[in-house]
*Asks:* 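Sharing a structure here in structure tokens format.
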Amino acid sequence: MAKGTQNKNLDEGNFDFGIIKIMLLGQCFAVMPLTGIRRASPRHVHFRFKSVPMIVTVIFMMASSVLTLSMLKFLLNIGVTAKNFVGQVFFTCVQCACILFIDLARRWPPLIRYWTRLELIFTKPPYEVLKRSLSQRVRQPAFILIALSLVEHGLYLSSAIVSYKQRVYYCTENHNATMGVSFDDYIKLNYDYVFILLPYTRFFGIYVLVVNGTCTFIWNYMDLFIMMISRGLAYRFEQISKRICRLEHEDRVPETTFMEIREHYVRMCELLERVDNALSSIILLSCANNLYFVCCQLLNIFNKLRWPINYVYFWYSMLYLVGRTACVFLTAATINDESKSALSVLRRVSSKNWCVEVERLIFQMSTQTVALSGKKFYFLTRRLLFGMAGTIVTYELVLLQFDEPNRRKGLLPLCA
């Protein structure tokens, strides 16, 4: 019984164990095509081009490319505006995310094995298991974000359906005709750009809804995955900081202790570098995606809308996007925060405990930028969040000027 409890605690403190459920959920939506992730050990995790997860991913990419090309052809026919370009950016981002997740899946097996071997150091004394286990820290925010994204997508569908029903009601001579509102008519009206390339059938109507929902999941999954990785790395740096803090009140600390701590700190920095090399492209895409969509939703709420449900959806969506973007940045920034949190304790080390290893550790903590990055163009720290807020204001002013002619026209005729 004691042995079983010990194994369970070891699993709870293991990053690979903590993300299994989220990765399995991602595979249901064609993300991270890996085999063997259900197995207890990362040794069984492999990437194979000839595998069921990879086939699912390729099928989805082919299916979503139809929507991407349809939207592109539709825009070329009617012309591009600040509002109607959103769909093209959305589908293009999802396509890029799929490609980048395939590349990440290719690198994932050796990375997660290296990560798991390194974690063995932190699952036994002198390191302590923190109040909330690693699995809890990874899973709870993930499920909260998934729930909030489901609400956002539900409001999007509600807004579209109500707008469609109201249009049918006011644009038919006999108001009782709304009793005949059909699924087919709703799909043909709201996804009319798809049927430039495809003939309409009930099958293609369901296909459009499924692909659109899957795209929405992947669109959210980028940020979710970055947050999970960030929490896993920050947890280990926090353990190192807690160990250093416990040494503050000890009378005599041997130099070998500080040497061991510095070695573990360096190894964690090496792990961070490996993770960053594999993940930085997704981070760059995620930040660009969030920047654009926050600006677009701000543009929408500045415009007059027709129905109350439209206001509910756009306000919720805007607040959700801002909150999600802030959570990604702040969660990723905790890596940098935790890597430096023990600096003040090290600087107060007494003269009798002072040694070269302490000096080296202080120098490394204070001079090295320990953080995830977007292809080394920028690092995810708290300071960057304020920089991004300023960028959003700048781009929002540009979008408002770009959309000024449409805002002057006001709402288009409902029955046009």
Side-chain angles (χ1 to χ4, degrees), residues 67 70-71 73-75 77-91 147-196 198-217 219-220 293-322 399-400 402-416:
L67 272 65
S70 299
M71 177 62 76
K73 186 174 181 180
F74 178 74
L75 292 179
N77 289 339
I78 67 170
V80 177
T81 66
K83 290 180 182 177
N84 66 18
F85 193 58
V86 174
Q88 186 64 45
V89 174
F90 172 75
F91 289 122
L148 292 174
S149 68
L150 286 173
V151 173
E152 196 265 351
H153 191 61
L155 285 174
Y156 161 75
L157 292 174
S158 300
S159 177
I161 292 169
V162 169
S163 297
Y164 167 69
K165 284 187 173 182
Q166 293 291 79
R167 180 178 178 180
V168 172
Y169 180 81
Y170 286 105
C171 297
T172 53
E173 295 181 3
N174 181 8
H175 291 339
N176 291 329
T178 55
M179 298 297 290
V181 170
S182 68
F183 170 81
D184 296 328
D185 292 334
Y186 164 73
I187 295 295
K188 283 190 281 189
L189 180 66
N190 283 275
Y191 301 97
D192 54 344
Y193 58 90
V194 179
F195 303 107
I196 294 174
L198 296 176
Y200 181 79
T201 64
R202 178 64 63 90
F203 170 79
F204 283 128
I206 296 171
Y207 151 82
V208 169
L209 285 181
V210 171
V211 172
N212 194 60
T214 305
C215 287
T216 303
F217 177 87
W219 182 66
N220 286 284
F293 279 97
V294 167
C295 289
C296 285
Q297 293 301 68
L298 283 170
L299 180 65
N300 284 320
I301 64 173
F302 285 144
N303 289 319
K304 186 177 181 181
L305 303 172
R306 198 177 298 276
W307 313 113
I309 186 66
N310 302 144
Y311 285 99
V312 172
Y313 163 65
F314 282 117
W315 270 101
Y316 178 88
S317 181
M318 190 271 292
L319 293 173
Y320 167 71
L321 281 169
V322 170
L399 283 174
L400 285 171
F402 185 51
D403 196 52
E404 181 64 24
N406 294 319
R407 289 169 59 243
R408 285 179 181 173
K409 292 177 184 176
L411 292 171
L412 294 174
L414 179 62
C415 302

*Asks:* Taking only residues two or more places apart in sequence, or in another chain, which ones meet Phe195 in a ring pair (Phe, Tyr, Trp, His ring centres under 6.0 Å)?
*Replies:*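 Once residues adjacent in sequence are excluded, the partners of Phe195 under the ring pair (Phe, Tyr, Trp, His ring centres under 6.0 Å) criterion are Tyr200.
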*Asks:* Are the side chains of Gln297 and Tyr313 in contact, using a 4.5 Å heavy-atom criterion?
*Replies:*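 They are in side-chain contact.
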*Asks:* Out of curiosity, Tyr193 OH to Asn77 CG, how far, rounded to the nearest 0.5 Å?
*Replies:*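 CG of Asn77 is found 14.5 Å from OH of Tyr193.
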*Asks:* Looking at side-chain heavy atoms only, is the closest gap between Ile187 and Tyr164 below 4.5 Å?
*Replies:*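 No. Closest side-chain heavy atoms not under 4.5 Å.
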*Asks:* Under the rule for ring pair (Phe, Tyr, Trp, His ring centres under 6.0 Å), what residues qualify as partners of Tyr311, not counting sequence neighbours?
*Replies:*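 In terms of ring pair (Phe, Tyr, Trp, His ring centres under 6.0 Å), with neighbours along the sequence ignored, Tyr311 is linked to no residue.
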*Asks:* What is the distance from atom CZ of Phe314 to atom CG of Leu298, rounded to the nearest 0.5 Å?
*Replies:*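 Output value for this atom pair is 12.0 Å.
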*Asks:* Measuring from atom OH of Tyr156 to atom OG of Ser159, what distance do you get when rounded to the nearest 0.5 angstrom?
*Replies:*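 Taking OH in Tyr156 and OG in Ser159, the distance rounds to 9.0 Å.
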*Asks:* Output all residues satisfying side-chain contact (heavy atoms from CB on, under 4.5 Å) with Asn84, sequence neighbours left out; order by chain, then residue number.
*Replies:*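 side-chain contact (heavy atoms from CB on, under 4.5 Å) list for Asn84, sorted by chain: Leu75, Ile78, Val80, Thr81.
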*Asks:* Listed by chain and number, what are the ring pair (Phe, Tyr, Trp, His ring centres under 6.0 Å) partners of Phe293, not counting sequence neighbours?
*Replies:*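 With sequence neighbours excluded, Phe293 shows a ring pair (Phe, Tyr, Trp, His ring centres under 6.0 Å) to Trp219, given in chain and number order.
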*Asks:* Going by the side-chain contact (heavy atoms from CB on, under 4.5 Å) test, name the single residue among Leu209, Val208, Val210 that passes it with Ile206.
*Replies:*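 Answer to the side-chain contact (heavy atoms from CB on, under 4.5 Å) test with Ile206 among Leu209, Val208, Val210: Val210.
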*Asks:* Just so I know, are the side chains of Cys215 and Phe90 near enough to count as touching, which here means a heavy-atom distance under 4.5 Å?
*Replies:*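 A side-chain contact under 4.5 Å exists here.
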*Asks:* State the OH-CG distance between Tyr207 and Asn212, to the nearest 0.5 angstrom.
*Replies:*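 Reported value, rounded in 0.5 Å steps: 11.0 Å.
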*Asks:* What pairs with Asn220 under side-chain contact (heavy atoms from CB on, under 4.5 Å), at least two apart in sequence or on another chain?
*Replies:*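 Once residues adjacent in sequence are excluded, the partners of Asn220 under the side-chain contact (heavy atoms from CB on, under 4.5 Å) criterion are Ser149, Thr216, Tyr320, Arg324.
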*Asks:* Under the salt bridge (charged side-chain N to carboxylate O under 4.0 Å, His left out) rule, what pairs show up with a residue in residues 199-210, not counting sequence neighbours?
*Replies:*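 Sorted pair list: Asp184-Arg202.
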